[in-house]
**Q** 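Quick one: the structure is below, questions incoming.
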There are 2 protein chains.
Amino acid sequence: MKIDIHPKNENDTIQKEIISKIRDYINYKNLEPGDKLPSERKLSEKFEVSRGNVREAIQTLESYGLLISKPQSGTFIADIGPVAMNGMITDILRLEKSDFKSLVETRILLELKTVRLAALRRTEEDLKQIEEALEAYAEKVKNGEDAVQEDLLFHLAIAKACGNSTINTFMLTITPEIITNFTKYHVCDKNIAFIGIQEHREIYEAIKEQDPQLAKEKMKIHFKMLYQYCYNIKD
Amino acid sequence: MKIDIHPKNENDTIQKEIISKIRDYINYKNLEPGDKLPSERKLSEKFEVSRGNVREAIQTLESYGLLISKPQSGTFIADIGPVAMNGMITDILRLEKSDFKSLVETRILLELKTVRLAALRRTEEDLKQIEEALEAYAEKVKNGEDAVQEDLLFHLAIAKACGNSTINTFMLTITPEIITNFTKYHVCDKNIAFIGIQEHREIYEAIKEQDPQLAKEKMKIHFKMLYQYCYNIKD
DNA sequence: CAAACCAATTTGGTTAACCAATTTAAGCCT
DNA sequence: AGGCTTAAATTGGTTAACCAAATTGGTTTG
């Protein structure tokens, strides 16, 4: 059951080195938006790594929107100047894996926003889906079963209704890690779950009545225990 | 200069189909946490696609923390139950590209948090780097040059000082798109930039004095114009 | 002289063969 | 019969050969 993160780690190290070299190259050649990078083949022999590694590094930088790769043409600098390019790549290289505390803190921040926006913007369809998620959660709890999944799906339904695609994406990004950590640290015990039903229902009602302030308050109450728990975790 | 997103789009479609089929397979076989998925080769012939496409889809799901791929062993379901797995994959498939409005709205939300946290948690080293970014920005503006990049780097320096790795990652994710859209829509004109120097300086001072409330207020003022602009963009 | 066309080269993307680690199961010795 | 060893098969990862699109440079033609 032990998860060996070594191989991925090593691969990550190689990729970070390549990204670092790409940054240095961009600086050295003073490449500006629209300029073309050398081909993957040339980069791979210049850096003395495999072409696959170069592709991976380019894809990572592309996912951040720093490079644009055009088929049968080349890889180009995005509409970002040299200064920002340099600073951003340096920051990306410094990125570390999210700790649980940061995850929970971020989740609370995002959800206090999503619930307000959902109250303002939810469609009837959104409302229906939130209600379905609510009922699924309530039934599981009443049967005495574990309901961590249904709990989170309720919150994701709210995120979907908030009408902000970026926040929705972020919520989807952190939720699996949240679930994993919850089950690992036994955050949601079953005795708490019963209180959760009522709290969820009140959040739902506030969204239904399109009362953003009330919705936020109810969400705050819902997060009260989580909030305390979050700040008791050892670093 | 036209960006043809067709090939990437097509590839995305294929990948989404595969992800959808993986979800269906997980449901059909009732796979639970720790269970093993068929090998990439078997999946590729079962779905009648290339193995590369299967790998890509698995990597995407792995990046969301839903699958875990172990070298020379297999691909396994992460610690996430069938219900959440199904719901999350469905949500992921429904994800669309972020619109500018969502991006700005999210940025404002994140930065009002980062600036408060930075005021509370910043180290001396953090402070120094924020100041450096501030000076770089001021000098560019005083020389009458475009300073969008330096502007954003100042904000990223604050994000780095906030001590929350998740929020920091998110800020890095949206910043390139923000820059691209800013230059595209000409959000930051040079006449505004001069006001920006003073606003930046006041934010910096508040962080220096470790006054989170003041820092947040100053950031709100700084975002005032952006806020209005954001809500005037045609959908 | 310019514009249009064509072939050769360069490019990112794709496929298939290969590799090393892991797992499985058969075989051997006690 | 049981436990240990070992070899064959399976697996994700890697590498290299291949492909089609796109660019480029030169040639030809009006």
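Order of the sequence lines fixes the chain letters, A, B, ..., with proteins taken first and strands second; residue numbering starts at 1 for each chain. Values below: all heavy atoms of this structure, side chains included; hydrogens, waters and symmetry mates excluded. The structure displayed is predicted, hence computed values, not measured ones.
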**Q** Is any side-chain N or O of A:Thr75 closer than 4.0 Å to OP1 or OP2 of C:dT11?
**A**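 For A:Thr75, the contact criterion (side-chain N or O under 4.0 Å from OP1 or OP2 of C:dT11) is not met.
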
**Q** D:dT10, OP1 or OP2 - any side-chain N/O from B:Ser39 closer than 4.0 Å?
**A**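 No, outside the criterion.
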
**Q** Using only side-chain N and O atoms of B:Ser73, determine if any of them is under 4.0 Å from OP1 or OP2 of C:dA21.
**A**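 Answer no for this pair, as no side-chain N or O of B:Ser73 is under 4.0 Å from OP1 or OP2.
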
**Q** Between P on D:dT11 and CG on B:Leu37, what's the gap in Å once rounded to a whole number?
**A**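 The distance from CG of B:Leu37 to P of D:dT11 comes to 12 Å, rounded to the nearest Å.
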
**Q** Side chains of residues 168-176 of chain A: which donor-acceptor partners sit under 3.5 Å, not counting sequence neighbours?
**A**
{"unit_1": "A:Thr169", "atom_1": "OG1", "unit_2": "A:Ser165", "atom_2": "O", "d": "2.8"}
{"unit_1": "A:Thr173", "atom_1": "OG1", "unit_2": "A:Thr169", "atom_2": "O", "d": "2.8"}
{"unit_1": "A:Thr175", "atom_1": "OG1", "unit_2": "A:Met171", "atom_2": "O", "d": "2.6"}

**Q** Could you state the atom-to-atom distance from CD of B:Glu56 to C1' of D:dG13 in whole Å?
**A**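 Taking CD of B:Glu56 and C1' of D:dG13, I get 15 Å after rounding.
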
**Q** In terms of relative ring orientation, are B:His222 and B:His155 parallel, tilted or perpendicular, with 30° and 60° separating the classes?
**A**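 Parallel, since the angle between the ring planes stays under 30°.
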
**Q** Between B:Leu43 (CG) and D:dG13 (P), how many Å, whole number?
**A**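 Atom-to-atom, B:Leu43 to D:dG13, this comes out as 13 Å.
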
**Q** Using the side-chain hydrogen bond (donor to acceptor under 3.5 Å, both in side chains) rule, collect all pairs that involve residues 37-48 of chain B, keeping only residues at least two apart or in two chains.
**A**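 Every pair satisfying side-chain hydrogen bond (donor to acceptor under 3.5 Å, both in side chains) with a residue in residues 37-48 of chain B: B:Glu40-B:Arg51, B:Glu40-B:Arg55.
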
**Q** Does the side chain of A:Lys70 get closer than 4.0 angstrom to OP1 or OP2 of C:dG13 through an N or O atom?
**A**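 Checking A:Lys70 against C:dG13: no side-chain N or O falls below 4.0 Å of OP1 or OP2.
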
**Q** Please give, in whole Å, the distance from C:dG13 P to A:Ile68 CD1?
**A**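 To the nearest whole Å, that distance equals 13 Å.
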
**Q** What residues form a side-chain hydrogen bond (donor to acceptor under 3.5 Å, both in side chains) with A:Lys140, not counting sequence neighbours?
**A**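 A:Lys140 satisfies side-chain hydrogen bond (donor to acceptor under 3.5 Å, both in side chains) with A:Glu150 only.
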
**Q** Which residues satisfy the side-chain contact (heavy atoms from CB on, under 4.5 Å) test with A:Lys29, sequence neighbours excluded?
**A**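 Result, side-chain contact (heavy atoms from CB on, under 4.5 Å) vs A:Lys29: A:Tyr25, A:Leu31.
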
**Q** Is a side-chain donor or acceptor of B:Arg23 paired with a backbone partner of B:Asn86 at a separation under 3.5 angstrom?
**A**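 The answer is no, because no donor-acceptor pair under 3.5 Å joins these two groups.
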
**Q** Of the candidate nucleotides C:dG13, C:dT11, D:dT15, which contains the atom at the shortest distance from the side chain of A:Asn53?
**A**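 The listed nucleotide nearest to A:Asn53's side chain is D:dT15.
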
**Q** Enumerate the protein-to-nucleotides 17-19 of chain C contacts in which both atoms are nitrogen or oxygen and the separation is below 3.5 Å.
**A**
{"unit_1": "C:dC18", "atom_1": "N4", "unit_2": "B:Arg41", "atom_2": "NH2", "d": "3.4"}

**Q** Using the side-chain contact (heavy atoms from CB on, under 4.5 Å) criterion, which residues pair with A:Ala161? Sequence neighbours excluded.
**A**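 Partners of A:Ala161 by the side-chain contact (heavy atoms from CB on, under 4.5 Å) criterion, ordered by chain and then number, come out as A:Ala118, A:Arg122, A:Asp126, A:Ile130.
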
**Q** Rounded to the nearest angstrom, tell me the gap between atom CD in A:Gln59 and atom P in C:dG12.
**A**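 Taking CD of A:Gln59 and P of C:dG12, I get 12 Å after rounding.
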
**Q** Figure out the NZ/C1' separation between B:Lys36 and C:dT23, and round it to whole Å.
**A**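 One finds 8 Å between C1' of C:dT23 and NZ of B:Lys36, rounded.
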
**Q** Figure out the CZ/C1' separation between B:Phe76 and C:dT23, and round it to whole Å.
**A**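 Those two atoms, CZ and C1', are 10 Å apart.
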
**Q** Respond yes when some side-chain nitrogen or oxygen of B:Ser50 is under 4.0 Å from OP1 or OP2 of C:dT15, and no when none is.
**A**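 True: B:Ser50 side-chain N/O within range (under 4.0 Å) of C:dT15 OP1/OP2.
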
**Q** Just the rounded figure in Å: distance from P of D:dG12 to CG of B:Leu61.
**A**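 About 14 Å, once rounded to whole Å.
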
**Q** Which is true for A:Gly52 with a 4.0 Å heavy-atom rule: it touches a base, it touches only sugar-phosphate, or it touches nothing?
**A**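 A:Gly52: no heavy atom of the nucleic acid under 4.0 Å.
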
